[in-house]
Amino acid sequence: MTEMPSTTRRVVDVPEGAWVRCDGCAAMIYRRLLEENLRVCPECGHHYRIDARTRIRQLNDADTFEEFLSDLESSDPLEFEDRLPYKERLAELKDKSGEHEAIVVGKGFVKGRPVIMGVMNPMFIMGSMGAVVGEKVAAAAERAIAEDLPLVMVTCSGGARMMEGMVSLVQMAKTAAAIAKLDEAGGLYIVVMTDPTTAGVAASFAFLGDFTLAEPGAQIGFAGPRVIANTIKTTLPKGFQTAEFMLEHGYIDRIVRRKDLRSEIARLIDYCNK
Amino acid sequence: MSSRPSVSEPQMNHSKYLLEFEKPIAKMEQEIQRLESSQVESGRDYADIIKSIRDQLTAALREAYGNLTPWENVLVARHPRRPLMRDYIRMLCRDFCELHGDRQCADDKAIVCGFARLAGQRVMLIGHHKGRDTREKIESNFGCAHPDGYRKAMRAMKLAEKFHVPIVSLVDTPGAYPGVESEERGIACAIAVNLMEMSRLKTPIVACVIGEGGSGGALGIAVADQVAVMQHAYYSVISPEGCAAILWKSGEHAPKAAKALRLTPEDLLRLKLIDAIVPEPLGGAHRDPEATGKNLETWIGRSLRELKRPKVETIVRRRYERLRHIGSFHESVAADNPTKVSKTRSRRRQPAARVITAAQS
């Protein structure tokens, strides 16, 4: 269940160079145009994965986002080691990405409306959830209750983080319990599912939103596609485990293009009178 | 259902289900059996020889089962003769009243639910059932539940809450069913809802992993006030094979992954992720299902009694606190002194974790 979706299928970031070939339609696109278009292909509408800081800039009013719990780091409870010790992996990632963990949480403003927001980072072990992600999600829910603000979670994750073993798995229950508290307090919880939202994160706080929005084409599901293909011994139907598939089967409310996310979030906040 | 073999019957006849490290043990068991039968036929007395082989057998079992590697432990947890949910129902429950269906689309046989009288109490019993014979295994997808199973379990748990009956959950699954229909009917959503609702159900919940505790599919019925894992069961975020395939790029490294994942009950207890280990008889649950069942019943009885005293509001509050404090992390300090840890948290404050002692067997 914690299979990480292949990063070769869709690159995490837009490749270097003035011109890039779109992963969606193979058209050559001028890089600056892609950036101006929120990293969505102007030709085919392919939504690139984006890092948490870029996402926060895109969604929040300029210079309003205040991060909290920014320094939490994993204590490596298992002293996990595969081909590389987990501690080294974390240190390397920290150097490379400048991030401490796979989620950024804080208070921001969406079209003037104050919100508590969490944004997951695909650059950090595929946005996987260990103890720190679990803690920050729970803390964000508690902050939303304390300040009586809507909670907006932008999910992007391959699932629970293997390197923290059962500590990771139990974060699913912890985040779900925190969302239950928010629900009981009458708080508004909006989830924006982006590519990918799968496994342990999908099966916990991501699928517990009062409202669930998703970006077009985002991979959303529980089990890894290869695992499913192995089980059923046949190829998977086209469009399986996409946002569109989830919409058709009744598991998300709306598919929203990146450029419309701000106004859609603001609209829901207004309808809920929050 | 009546075609299912009774668990106590096969006892010695598990030669075709031997794990590699059990082979010398099986030889001795066969030898004892042979001597016993020839003793009857020939009228001679082999008691001394039998006793000496029995002593060797006990020593060999102690040797093998006292030093199981995490991977061997996983193999014991998956042993084809290991007692299953329905075996425990038969052994431990009086008057089991099974409840079927999720009231939405199906009755998933991978999860069994119903009222039972167990350990001297009325309980709502839920649990994964892997299936004993081929027909049962196929019906229950080898214990891999669809969303329907999780919704059925939630329905049963809501009834338990409504009628103030405690919930006993027995976990034994490789994981939720990875299939197209499972995804179409929202497996992620079904598990997420169970996690959320179980965190606030106003009735005591105790859960024990009796075999395989396979990731989200296991946790989906295992959010509880008291959590135990049987001595040779395991509980993991991902199967060792799956982990090896991703991190070592080959499923063959499963033994390495099993070790790294800290999935054995001892590790989980040490990490304060579970409250107790339910002991198994020497040589594993499959060697003596009845004794295993008694140990399980002892743990369930004790855990439920402990949860009888506090008010249900207190129980629910403690359940939340317990979940809220699971995790291990620290705040990073200045980059020049990355080793300094300013804050760590471990999950449990109280009550202290413990191992219950083996019932005499």
Side-chain angles (χ1 to χ4, degrees), chain A residues 1-4 71-78 80-83 91 100 131-132 134-135 138 160-162 164-174 176-181 183-184 198-200 202-208 221-224 227-228 231-232 236-237 240-241 249-251, chain B residues 175-180 182-193 195-200 214-220 222-223 235-238 242-243 245-248 256-257 260-263 267-268 271 273 319-320 323-324 326-333 338 341 344-345 347:
Chain A
M1 60 154 290
T2 44
E3 183 176 351
M4 296 181 196
D71 320 329
L72 292 194
E73 287 178 358
S74 169
S75 304
D76 186 17
L78 273 54
F80 193 93
E81 186 168 345
D82 50 280
R83 289 171 302 167
H100 294 256
V132 173
E135 176 65 20
R161 188 175 297 169
M162 279 178 286
E164 292 184 32
M166 277 299 294
V167 174
S168 296
L169 191 76
V170 183
Q171 300 308 313
M172 293 170 64
K174 170 171 166 171
I179 299 301
K181 289 275 177 204
D183 176 51
E184 276 160 28
T198 57
S204 59
F205 65 92
F207 260 117
L208 294 173
F222 183 64
V227 177
I228 298 174
T231 314
I232 62 171
L236 295 167
F240 181 64
Q241 285 189 329
H249 287 95
Y251 288 96
Chain B
Y177 190 76
V180 174
S182 198
E183 299 286 331
E184 283 175 346
R185 297 204 290 271
I187 183 67
C189 187
I191 291 175
V193 167
L195 300 181
M196 175 157 99
E197 295 304 332
M198 287 185 89
S199 79
R200 59 183 176 187
S215 69
L219 187 66
V223 179
Y235 198 0
S236 181
V237 66
I238 184 170
C243 178
I246 297 168
L247 293 182
W248 281 270
K256 267 190 221 163
L261 284 166
R262 314 271 179 217
L263 45 66
D267 279 330
L268 297 171
L271 289 164
L273 291 163
R319 192 186 303 151
Y320 180 75
L323 289 171
R324 185 64 190 82
I326 292 179
S328 176
F329 51 83
H330 58 266
E331 279 167 31
S332 78
V333 197
V341 170
T344 52
R345 274 195 201 167
R347 156 187 171 250

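Proteins get letters first, then strands, A, B, ... in listed order; numbering begins at 1 in each. Basis for what follows: all heavy atoms, side chains included, without hydrogens, waters or symmetry-related copies.
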Novice: Testing the basics here: between A:L169 and B:L219, what is the closest heavy-atom pair and its distance to 0.1 Å?
Specialist: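 The pair with the smallest heavy-atom distance is O-CD2, 3.3 Å.
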
Novice: I need the A:E135 CD to B:F329 CZ distance, nearest 0.5 Å.
Specialist: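 Going from the CD atom of A:E135 to the CZ atom of B:F329 covers 3.5 Å.
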
Novice: What are the two closest non-hydrogen atoms of B:V180 and A:I228, and how far apart are they?
Specialist: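 What the structure gives for the nearest pair is N-CG2, 4.0 Å.
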
Novice: With rounding to the nearest 0.5 angstrom, report the CE to CD1 distance, A:M166 to B:I238.
Specialist: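 Rounded to the nearest 0.5 Å, the CE-CD1 separation comes to 13.0 Å.
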
Novice: Between B:G216 and A:M172, what is the shortest heavy-atom contact and its length?
Specialist: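 Here B:G216 and A:M172 meet closest at CA-CE, 4.2 Å.
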
Novice: A:Q241 versus chain B, heavy atoms under 4.5 Å apart: side chain, backbone, both or neither?
Specialist: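 It is the side chain, since no backbone atom gets that close.
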
Novice: Could you tell me the separation between the CG atom of B:L271 and the CG atom of A:L78, rounded to the nearest 0.5 Å?
Specialist: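 Atom-to-atom, B:L271:CG and A:L78:CG are 5.5 Å apart.
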
Novice: A:D76, A:D183, A:V132: which one forms the most heavy-atom pairs within less than 4.5 Å of chain B?
Specialist: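 Counting heavy-atom pairs under 4.5 Å, the top option is A:D183.
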
Novice: Which one of B:M196, B:E183, B:R319, B:R185 has the most heavy-atom pairs closer than 4.5 Å to chain A?
Specialist: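 The answer is B:E183.
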
Novice: On a heavy-atom basis, which atom in B:A260 and which in A:F80 lie closest, and how many Å separate them?
Specialist: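 Result for this residue pair: O-CD1, 3.3 Å.
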
Novice: Can you say whether B:L261 sits under 4.5 Å from chain A via the side chain, the backbone, both, or neither, judging by heavy atoms?
Specialist: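 Both backbone and side chain of B:L261 come within 4.5 Å of chain A.
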
Novice: Without swapping roles, check the side chain of B:R200 against the backbone of A:A177 for a donor-acceptor pair under 3.5 Å.
Specialist: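 Not a single qualifying donor-acceptor pair exists.
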
Novice: What part of B:V223 gets closer than 4.5 Å to chain A, counting heavy atoms only: side chain, backbone, both or neither?
Specialist: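 Side chain only.
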
Novice: Does a side-chain heavy-atom distance below 4.5 Å link A:R83 with B:L247?
Specialist: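 Heavy-atom side-chain distance check fails, nothing below 4.5 Å.
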
Novice: Return the minimal non-hydrogen interatomic distance between B:S332 and A:H100, and the atom names on each side.
Specialist: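 In this case the closest contact between B:S332 and A:H100 is OG-CE1, 3.1 Å.
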
Novice: Can you find a pair of side-chain heavy atoms, one from B:I191 and one from A:F207, that are under 4.5 Å apart?
Specialist: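 A side-chain contact under 4.5 Å is absent here.
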
Novice: If I measure from the heavy atoms of chain A, does B:Y235 come under 4.5 Å with its side chain, its backbone, both, or neither?
Specialist: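 Contact with chain A: backbone and side chain both.
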
Novice: Between CD of B:E331 and CG of A:L72, what distance do you get to the nearest 0.5 Å?
Specialist: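 The distance works out to 6.0 Å.
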
Novice: Out of curiosity, A:M162 CE to B:C243 SG, how far, rounded to the nearest 0.5 Å?
Specialist: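 A:M162 CE to B:C243 SG: 5.0 Å, rounded to 0.5 Å.
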
Novice: What is the minimum heavy-atom distance between B:R324 and A:A138, and which atoms define it?
Specialist: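 That would be CZ-CB, 3.7 Å.
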
Novice: Rounded at 0.5 Å granularity, tell me how far SG in B:C189 sits from CG in A:L208.
Specialist: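 Those atoms lie 7.0 Å apart.
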
Novice: Of all of A:A131, A:A180, A:S204, A:A202, which one pairs up most often with chain B through heavy atoms under 4.5 Å apart?
Specialist: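 Of the candidates given, the most pairs with chain B belong to A:A180.
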
